[in-house]
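Data first, discussion second: the structure below is written as structure tokens.
Letters A, B, ... mirror the listed sequences (proteins, then strands); counts begin at 1. Source: prediction; values computed, not measured. Quick note: numbers below take in every heavy atom, side chains included, and nothing from hydrogens, waters or symmetry partners.
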There are 2 protein chains.
Amino acid sequence: MRKQLGAIRGVKVGDKFRYRAQLNIVGLHRHFTNGIDYIKSRDGKILVTSIVDSGRYANNMQCSDVLIYSGEGGNSPFNKLKPTDQTLERGNLALKNSTEAQTPVRVIRTFKLSKSSCYVYYGLYIVEHLSKERGQFGKMVYKFRLRRKAGQPEITFKL
Amino acid sequence: MRKQLGAIRGVKVGDKFRYRAQLNIVGLHRHFTNGIDYIKSRDGKILVTSIVDSGRYANNMQCSDVLIYSGEGGNSPFNKLKPTDQTLERGNLALKNSTEAQTPVRVIRTFKLSKSSCYVYYGLYIVEHLSKERGQFGKMVYKFRLRRKAGQPEITFKL
DNA sequence: TAGACGTAGA
DNA sequence: TCTACGTCTA
């Protein structure tokens, strides 16, 4: 399985996929459930390769080039464990490192229409800011602001 | 998605698949995690269409035309809930009904070789007997004995 | 071995 | 809403 930062050969912005398994196969995002995928860089720091925004967390879903993405852990509205403060490790740490390194992050967003849904590759983003806020369950949540790199095709849907 | 008893057009005995998602796509087995898939027949009884033997439960893995398949619920060695007696509902009830109706069941078995694995379609089986035993956790477990229908191709592997 | 924005069907 | 023989990486 490919592990790399940036664009994936053969995958175009706007490409659609039915299952997370397909994202894995083409190399866009290796995990089946994790929202944040990352690799270890030469200097030992982990950097984000891709994120999937399925709409489970309280992310900003505006139709703009800016995406607010919640960190992982402790606050999923659907898991049954009791909420906890998010920690700066694993995916969250990788997103912080990516903010500093300004490396490109592949963004995949879920598009829902009535009962069906698909994953859409939105292209490359840069993490430009992170903040720590109190989430809906009263616990600390990381919020990452990603901005879409300029010059990429618009995403359009045939309805 | 197709819901039917018996063979699936276009799928041959011995066909191999990487993911449960693919079993769903071709119509062999609709569930992503459930081991037992079933439909409601004309007279209102539920009948098994297919089972997946992933080796999670304590099934009989002999290389023969007989497969002992454990019922679902209460005794998965990997779930963290406390073991309970299995009940004759859902998949277990459907398997019992299939025993009486002698309807064909598609069998998919996991084949593991070192770290990789795949799902192999073994063809059609008939459920010929069920029993209730005390399982490894001291709780009651249904055991279903399935026999492969005669006249189907042998399964071979290139190693 | 655990953790994670999975899936479909009842 | 819940259950269920998922599936990957660290």
Give the rounded distance in Å between these two atoms: CG of A/Asn92 and C1' of C/dG3.
-> 13 Å
Separation of the C1' atoms in C/dG3 and D/dG6, to the nearest angstrom = 14 Å
In terms of side-chain geometry, is the basic nitrogen of B/Arg30 or B/Asp37 positioned less than 4.0 Å from the acidic oxygen of its partner?
-> yes
Residues pairing under side-chain hydrogen bond (donor to acceptor under 3.5 Å, both in side chains) where one sits in residues 90-99 of chain A, two or more places apart or in two chains, turn out to be A/Lys96-A/Glu100
How many Å lie between CG on A/Asp37 and P on C/dC5, as a whole number?
-> 12 Å
Whole-Å distance separating the CG atom of B/Asn34 from the C1' atom of D/dG6 | 11 Å
Can you tell me the distance, in whole Å, between the NE2 atom of B/His31 and the P atom of D/dC5?
-> 10 Å
Output field dot_bracket for DNA chain C (Watson-Crick or G-U, both distances under 3.5 Å, | for other-strand pairs) contains ||||..||||
Output yes if the stacking criterion (under 5.5 Å between centres, under 30° between planes) is met for A/Tyr38 over the base of D/dT9, else no.
-> no
Can you sort out the partners of B/Phe32 under ring pair (Phe, Tyr, Trp, His ring centres under 6.0 Å), two or more places apart, ordered by chain and number?
-> A/Tyr19
Ignoring hydrogens and angles, state whether a donor on the side chain of B/Thr49 or B/Lys3 is under 3.5 Å from an acceptor on the partner side chain.
-> no
For atom NZ of B/Lys143 and atom C1' of D/dC5, their distance in whole Å | 13 Å
Rounded to the nearest Å, what distance is computed from the CG atom of residue B/Leu93 to the P atom of nucleotide C/dG9?
-> 19 Å
Residue-phosphate contact under 4.0 Å: A/Tyr119 side-chain N/O, C/dT7 OP1/OP2 | yes
With rounding to whole Å, what would you report as the distance between D/dT3 and C/dG6 at their C1' atoms?
-> 14 Å
Indicate whether OP1 or OP2 belonging to D/dC8 is found under 4.0 Å from a side-chain N or O atom of B/Arg18.
-> yes
Is there aromatic stacking of A/Phe32 against D/dT9, centre distance under 5.5 Å, plane angle under 30°?
-> no
Partner set under salt bridge (Lys or Arg N to Asp or Glu O under 4.0 Å) for B/Arg148, not counting sequence neighbours = none
Regarding the side chain of B/Tyr19, the nearest nucleotide among C/dC5, D/dC8, C/dA8 is D/dC8
C/dA4 P sits how many Å from A/Asp53 CG, rounded?
-> 17 Å
Do you know which two heavy atoms are closest between A/Tyr119 and A/Ser54, and how far apart they sit?
-> CE2-OG, 3.9 Å
Quick one: hydrophobic cluster around B/Ile126, which other residues, with the 4.5 Å side-chain cut-off, linked directly or via members?
-> none
To the nearest Å, give me how far apart NE2 (B/His29) and P (C/dT7) are.
-> 16 Å
C/dA8 phosphate, OP1 or OP2: any side-chain N/O from B/Arg90 under 4.0 angstrom?
-> no
First encountered from the 5' end of DNA chain D, between A/Thr33 and A/Lys40 | A/Thr33
N or O in side chain of B/Arg30 less than 4.0 angstrom from C/dA10 OP1/OP2 = yes
Could you tell me which residues satisfy salt bridge (Lys or Arg N to Asp or Glu O under 4.0 Å) with B/Arg147, sequence neighbours excluded, listed by chain and number?
-> B/Glu128
